[in-house]
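Accompanying notes for the structure given below.
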Amino acid sequence: TVGIHSRPQDLTGAGSVEWTTHADGVLAATDAVLAEYDEPWPPARATPVDVSDVYDTLADEGLVYGAVFRGLQAAWRRGEEVFAEVALPEEVADAAGAFGLHPALLDAALHAIGLLPLADGEGMRLPFAWSGVSLYAVGARALRVRITPDGRGGVTVDLFDEAGAPVARVESLSLREMSREQLAAAASATAGESLFGVEWVPAQASSDVVGEAWAVLGDSPLGDGGLAFADVDALLASVDELPGTVVVECVPVEGGSVPDAVRGGLADVLGVVRRWVAEERLADSRLVVVTRGAVGVLGGELVDVRVAPVWGLVRAAQSEYPGRLVLGDLPVGAGVEELVAGLGCGESQWTVRDGVVRVPRLTRARAGVAAGEAPGFGAGPVLVTGASGALGGVVARHLVSAHGVRELVLLSRRGPAAEGMERLEAELVALGASVESVACDVADRVALAQVLDGRELTAVIHAAGVLDDGVLESLDASRFERVLRPKVDAAWNLHELTRDLELSAFVVFSSAAGVFGNAGQANYAAANVFLDALAQARRAEGLPGLSLAWGLWAGASAMTEGLGESDRRRIARLGAEALSEAEGLELLDRAIAGDQDSLLVPVRLNLPALRELAESGRLPALLSGLVRTQPRRAAETTAGSSGGLRERLAGMNEAEAERHLVHLVRSEVAAVLGHVSPDLVGPKRSFTELGFDSLTAVELRNRLTAVTGLRLPATLVFDYPNSSLLAEQIRLEIVPEGAAVEQDDPEEKAFREVVSAIPISRFRAAGLLDLVLQLAEPERQQETAVGGAETESIDEMDVDNLIRMALDGKES
């Protein structure tokens, strides 16, 4: 007998988490045989079925499939039979060999069951019980599927490879019909799995200790009795042996408005951080950015919204420069003892409260609203900002259609003149709402006050926002200003001008970028952390306040339309997937209706991707509570050091070392760009031509830093513009010129000298030019020889085989 069970990770340590049984069955020997598929393909007399929108239809019914599981390519019907073609997407096809039958491929094969007619035409049939399951071949990347009634109310599923050879058979798969209502309830129940909160948990003991040599920048009580310097330049000028830890305290800018104080504080920290990461002499030191009372750690705790955005900025900087920055938050009045305790925890983000060092962990939010319940928005007008944006329009429709809101005040910079606003108003009026669209820059306090004058609002939803992404070195005051105005100024104006109203909800749309610290979004992360802190501050004052730090939405909007396929692949590699509109609105309802924390993170996380990050040692500590991680073997922990790589290169001659490093660089480039193989990255092809930008350049730098142990600059792809040049630079840094013993084969040297002396016209005339180009760029060569046998890698051929290959090519 076989049983399949699971339970959530026991984060409490109480040992009370129950096991859930998912399936049970019997494993037995069988004589069942599936004959080869010997009919024509596509099947004769079968009618093609359009499957182009099948996954959109399933999503509308409540079944949302991620990109990996959208494998149904084509389908046909013939009487009661259904035939289909399914395939794994490119990005996971190489993983097929790790499974008997890849689960996403098997799942896609079953999607064709949905093409069988239902008796009443409603709902759909879903797999329930399996019998007679046999596997005949492993590692399939694509399948031909045949589904036939089994005579007992279920179906028989036969799976073949593209040559018609049998792969697997399900003799009988019984199905259960589910109505639309049941599917909707199930979708609602699972939506809560994408709603998270940030919990500050006591830090585990760490073996890390703070060295004796540490210093403080600027005027801070944390520098009493220790080394203190005015700024980074003074530190560099005054100390020969740089301290391993340097602390800078963020002091709130006094006087003026809160938005002005936010700008001043961010400008100060940005200047210090940019100077720090630009100085190579500080590459082995860490800068500790300390705030006081800027983080809501305990329930009801007051937070300083003027300083809180620093956390967003530095979180993004940490992603761009791993290991070089630390964030800490102390209580007002705390001193060196608390600072040392925080530094000793060994994590990149921490707080100290009541003498306890705490670190952030993303945890599943407590259950909010039950399926079918609707949060209340009061009986009066509801204000929605950013209404001309795609997300603002979606929310406005939902308020009317799902929650019965009958009065809407829609604010946007252009008001009724905004593109699509006339159509949106008509839709809302048709649904029974009265709508007033107003042109108003919410960041303009006077203009907003005029709009709000005399209005008794019952709820506010602030959904406005602007992106201006760029790596840390490219950001300046103007790029911060563009992002801060619609977030910081607008939200603060809404807070102050509505605080005397009896609001049932005050909801600000923040971004997971602020919680996670997305690379290339330091300005956007800072702006959104302000919203998170504002919601916490309102709660502490007894006012309604909720910040939703949204992950990516699937629908196009002004803030997502610039995302290319490579951007989306990068986001997916980091463990996040796009929320469908239905999922997003369900999460909105749950978050607003539940009496939970002031900050919630609605984001769809890909747990297998997070496990991969954990196994590679690249999982952020923030996410470590969501997946189990295994300790890495000692051999793996040293693999990413320059010493370990130097040892591997020591046994190679110069040509072998070059090939090894070029392959390493091309592999990392392929991973950054989302390619399935390094063969798609030409060693001489420029990074610019491959599609690199400043953000992908930072990601490549970080990956190469991890595998080589070298401190590499962010400008690396511009300084060394292709894989070959970059590999050579890495080789020189690990094994400088003159440090290695000359091991080149004399015959190889002679061969290279002869080849370099031959004019290219002679190669062309001899018909050898294409072959030589294949040697230079292996991606141009054929992967397999005639008959499917694998060819010997060009990189592994010696001189004799290279010449023989060229001569054979000429004779053919």
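Any value given below was found using the heavy atoms of this structure, including those in side chains, with hydrogens, waters and symmetry copies removed.
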Considering only NZ, NE, NH1 and NH2 on the basic side and carboxylate oxygens on the acidic side, decide whether Arg538 and Glu541 come within less than 4.0 Å. no
Hey, what do you get for CG (Leu716) to CG (Leu700), rounding to the nearest 0.5 Å? 5.5 Å
How close do Leu302 and Ala540 get, heavy atom to heavy atom, and via which atoms? CD2-CB, 3.6 Å
Output all residues satisfying salt bridge (charged side-chain N to carboxylate O under 4.0 Å, His left out) with Arg358, sequence neighbours left out; order by chain, then residue number. none
Between Asp284 and Arg711, does at least one N-O distance fall below 4.0 Å, as a salt bridge requires? yes
Test: Arg275 and Asp231 ion pair at under 4.0 Å: no
If you compare all heavy atoms of Ala519 against all heavy atoms of Glu320, which two are closest, and at what distance to 0.1 Å? CB-CG, 3.7 Å
With a 4.0 Å cut-off on N to O distance, would you call Arg703 and Glu668 a salt bridge? yes
Do the side chains of Glu249 and Arg292 get close enough for a salt bridge, i.e. N-O under 4.0 angstrom? yes
Short side-chain donor-acceptor distance under 3.5 Å, Ser723 and Arg666: no
Taking atom types as modelled, find out whether Asp476 and Ser478 have a side-chain donor-acceptor pair closer than 3.5 angstrom. yes
So does Glu254 pair up with Arg306, basic N to acidic O under 4.0 Å? yes
Atom CG of Leu484 and atom CZ of Phe530: how far apart are they, to the nearest 0.5 Å? 9.5 Å
Under the side chain to side chain donor-acceptor pair (under 3.5 Å) rule, collect the residues that match up with Asp260, sequence neighbours excluded. Ser257
Which pair of heavy atoms, one from Val442 and one from Leu448, lies closest together, and at what distance? CG1-CD2, 3.8 Å
Less than 4.0 angstrom from a charged side-chain N to a carboxylate O is my criterion; do Arg353 and Asp329 meet it? yes
Cation over ring, Arg263 on Phe480, under 6.0 Å and within 45°? no
N/O donor-acceptor pair under 3.5 Å between Glu301 side chain and Val297 backbone: yes
Salt bridge (Lys or Arg N to Asp or Glu O under 4.0 Å) assessment of Arg485 paired with Asp441: CA-CA 9 Å; Arg485 266 185 64 83; Asp441 178 1; 2.3 Å; yes
Side-chain H-bond candidate by donor/acceptor type, Asn722 with Ser686, under 3.5 Å: no
